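As structure tokens, the structure follows; a few thoughts come after it.
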Amino acid sequence: MIVLGIETSCDETSAAILIDGKVKSNIISSQIIHQRYGGVVPELASRAHQKLIIPVVEKAIIDAGINKTQIDGVAVTYGPGLIGALLVGLNFAKAFAYGLKIPFVGVNHMQAHLYSNFIGKEKPEYPFVCLIVSGGHTQLVLVKEPFNHELLGETLDDAAGEAYDKVAKMLGLGFPGGPQLDKLAQIGDSNFVKFPRSYLSEDSFEFSFSGIKTSVLYWLKNRGYYPINENSKKLDVQQLSDLCASFQAAVVDVLVEKTMRAVEKYRVKHLTVSGGVSANSELRKRLLAAGNKSGVKVFIPDLEYCTDNGAMVAVVGWMLLERGVTSNYEIGAVANLSI
Ligand SMILES: Nc1ncnc2c1ncn2[C@@H]1O[C@H](COP(=O)(O)OP(=O)(O)OP(=O)(O)O)[C@@H](O)[C@H]1O
Ligand SMILES: [Mg+2]
């Protein structure tokens, strides 16, 4: 079965071709227009998707070495995400499928992140725990069997990626700041500042990252480093790296501890991690080490499948189409769709 996967929920226009469950192409066009605003501007995202959707899909088809008439089904993200951005991909997918008289299926973006670990050769075995850490979500999910998910807990305020991006902005790093902050943290001292770890109650699988973010803000403000202007003090590279490492340690400590607690409580042998923040070097290292110590196999996607991509949408679409699940043309975009 050949599946075309389309993703336009935020600021990446992406399309992928999957042949019998294997990724043959995965084209990701990240919209750079948002960098100058320090965050995603929804209207600009929709317009950029409109410009990019056709060339991105065409390239995915060409790179996979197929003809579009060979495609058996189309999978597309229909939520959660920015409504205008979702509508571009969803309407394109409907038209594409209608034109070729093939089925199409709407895919939940969070399920796409969740199953991104099924892209690799070795697949996780059920039941497993999945930590989803992205720009808009931080969730611990117990996956009992395919499409049987129990949400164990999620963030009460900022998502992990959001906290990374907001702290990076305070530090004057670019957008999205997560990758840049991660890079600096690698050469920093995580004991420089002891930022608070928010574990909430002992048995809670919920998260809160706004406190850590505010602590960084006050640390900078109280010492004259923020707001950044011609009068503010400037951090040197070592101080900046030490601050990044200290912030990162606070976030990763909480993510790792709660995840391993869930693994222990539900006695699973496999753990998966996905979403943009699963690209984080420290989180990957620490979870692999924790898994090793407790005899749990940890699955983390290759970097290209951590942030938004069409391949993860195609994988879920393929799983649904194989089960005979399709969507009808009345399906609409759902901005706040839950997992
Ligand atoms: N190496 C890294 N370290 C920390 N954060 C990172 C890293 N790489 C990417 N990120 C963060 O990942 C986020 C983007 O991930 P993703 O594309 O999964 O999110 P999203 O699609 O915007 O949100 P959602 O999936 O919740 O709708 C950004 O916040 C970005 O800063
Ligand atoms: Mg995403």
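Residue indices begin at 1 and follow the sequence shown. Remember, it's a predicted structure, so these values are computed and weren't measured experimentally. Both counts, for ligands and for their atoms, begin at 1 and track the order of listing.
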Element-labelled atoms of ligand 1 that are located less than 4.0 Å from some non-hydrogen atom of [X]:
X: G161; result: 29 (O)
X: D182; result: 1 (N), 2 (C), 3 (N)
X: G178; result: 2 (C), 3 (N), 4 (C), 5 (N), 6 (C), 7 (C), 31 (O)
X: H113; result: 18 (O), 25 (O)
X: A279; result: 1 (N), 8 (N)

Of the listed options D165, L303, L181, D11, closest to atom 29 (O) of ligand 1 (non-hydrogen atoms):
D165
Do K285 and E282 meet the salt-bridge criterion of a basic N to acidic O distance under 4.0 Å?
yes
Presence of salt bridge, E150 and K144, under 4.0 angstrom
yes
Would you check if W219 and L243 make a side-chain contact, meaning some heavy-atom pair closer than 4.5 Å?
yes
What protein heavy atom sits nearest atom 10 (N) of ligand 1, and how far off is it?
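Going by distance alone, atom 10 (N) of ligand 1 is nearest to G276 O, 3.5 Å.
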For atom 23 (O) of ligand 1, what is the nearest protein heavy atom, given as residue, atom name and distance?
G136 N, 3.1 Å
Relative to the ring of Y126, is the ring of F118 parallel (under 30°), tilted (30 to 60°) or perpendicular (over 60°)?
tilted
Looking only at distances, can you tell me whether any N or O atom of H109, backbone or side chain, sits closer than 3.5 Å to an N or O atom of ligand 1?
yes
With sequence neighbours left out, write down each residue that passes salt bridge (Lys or Arg N to Asp or Glu O under 4.0 Å) with K297, or none if nothing qualifies.
E122
Would S210 and D157 count as having a side-chain donor-acceptor pair, cut-off 3.5 Å?
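Yes - a donor-acceptor pair under 3.5 Å links their side chains.
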Inside 2.8 Å of the Mg ion (ligand 2) but strictly below it, how many protein N/O/S atoms are present?
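For the Mg ion (ligand 2), the figure is 3.
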